[in-house]
Amino acid sequence: MIKIRAVMDQHSPAIDQATLARFLTEGYFLSHIKRMRKLYSDRREFFVEQFNKLLSNYFILQIPEAGLHFVAWLRRKSDLPVITHVCAEIGIRPSPLSSCFMKAELQPALTFGFAAWSRAQIREGLARFASALNSRLK
């Protein structure tokens, strides 16, 4: 009966619940949130700065008030095939904004995340992307 109940309930083990409770009640969660806000804010500002410096010839970066992603609208729809090919070639994987919609006809745009990457990785990735686009779309 205990095994059947465990399968049916899908509850977390008591040790995991106790650990999470301690994490919350002793202030570690708040500390974690503060640290992550600072980290993501820094990465966000750096991403915007680098993206606009390196890629503003090809994209208009939409900067939302919050979130961990940006929408980059293509300046020229005709560049989309080349941009898509370059992304695959250099190993970056921005998502097309159109994947978020079923029927809407949108201007071409890509979504870029920044939270998982260090400043060095952001700089390197955007520089490689810009360099590859500059060599193909002049």
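This one's a predicted model, so the numbers in the text were calculated from it and none came from an experiment.
Residues Leu97 and Phe70 fall into different hydrophobic clusters, defined by Ile, Leu, Val, Met, Phe, Trp and Tyr side chains chained together at heavy-atom separations under 4.5 Å. One hydrophobic cluster, built from ILVMFWY side chains closer than 4.5 Å, holds both Tyr28 and Ile33. With hydrophobic clusters built from ILVMFWY side chains whose heavy atoms lie under 4.5 angstrom apart, Phe129 shares a cluster with Leu137. Under the 4.5 Å side-chain heavy-atom criterion for Ile, Leu, Val, Met, Phe, Trp and Tyr, Ile63 and Phe51 are members of the same hydrophobic cluster. Cluster annotation: Tyr58 and Leu74 are assigned to the same hydrophobic cluster (Ile/Leu/Val/Met/Phe/Trp/Tyr, side-chain heavy-atom contacts under 4.5 Å, transitive).
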message: Run Gln121 and Glu124 through side-chain contact (heavy atoms from CB on, under 4.5 Å) and show every step you take.
response: CA-CA 5 Å; Gln121 290 170 316; Glu124 179 185 332; 5.8 Å; no
Intermediate values then yes/no, side-chain contact (heavy atoms from CB on, under 4.5 Å), Leu133 and Phe59: CA-CA 11 Å; Leu133 290 179; Phe59 298 96; 4.1 Å; yes
Test side-chain contact (heavy atoms from CB on, under 4.5 Å) applied to Asp42 and Arg119, step by step: CA-CA 9 Å; Asp42 179 59; Arg119 289 172 70 105; 2.8 Å; yes
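In this structure the side chain of Thr111 reaches within 4.5 angstrom of the side chain of Ser95, judged on heavy atoms. A 4.5 Å side-chain heavy-atom check between His69 and Phe112 finds every atom pair outside the cut-off. In this structure the side chain of Ser131 never reaches within 4.5 angstrom of the side chain of Arg128, judged on heavy atoms. Counting only heavy atoms from C-beta outward, the side chains of Ile92 and Pro94 approach each other to under 4.5 Å. When side chains are defined from C-beta on, Gln62 counts as touching Trp73, because their heavy atoms get closer than 4.5 Å.
Taken from CG in Leu126 to CZ in Phe114, the straight-line distance is 12.0 Å, to the nearest 0.5 Å. Considering OG of Ser56 and CZ of Arg75, their distance stands at 6.0 Å, rounded to 0.5 Å.
Remark: the backbone N or O of Ala132 is paired with a side-chain donor or acceptor of Ser135 at under 3.5 angstrom.
Sparse packing is recorded around CZ of Phe29, with 12 or fewer heavy atoms of other residues, nucleotides or ligands lying under 6.0 Å away.
The heavy-atom pair separating Arg43 from Ile122 by the smallest distance is O-CD1, 4.1 Å. The shortest non-hydrogen separation linking Pro96 to Leu110 is CA-CD2, 3.9 Å.
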Return all side-chain donor-acceptor pairs below 3.5 angstrom for residues 77-87, not counting sequence neighbours, or 'none' if the list is empty.
| unit_1 | atom_1 | unit_2 | atom_2 | d |
| --- | --- | --- | --- | --- |
| Asp79 | OD2 | Arg76 | NE | 3.0 |
| Asp79 | OD2 | Arg76 | NH2 | 3.0 |
| Thr84 | OG1 | Leu80 | O | 2.9 |
| His85 | NE2 | Glu89 | OE1 | 3.2 |

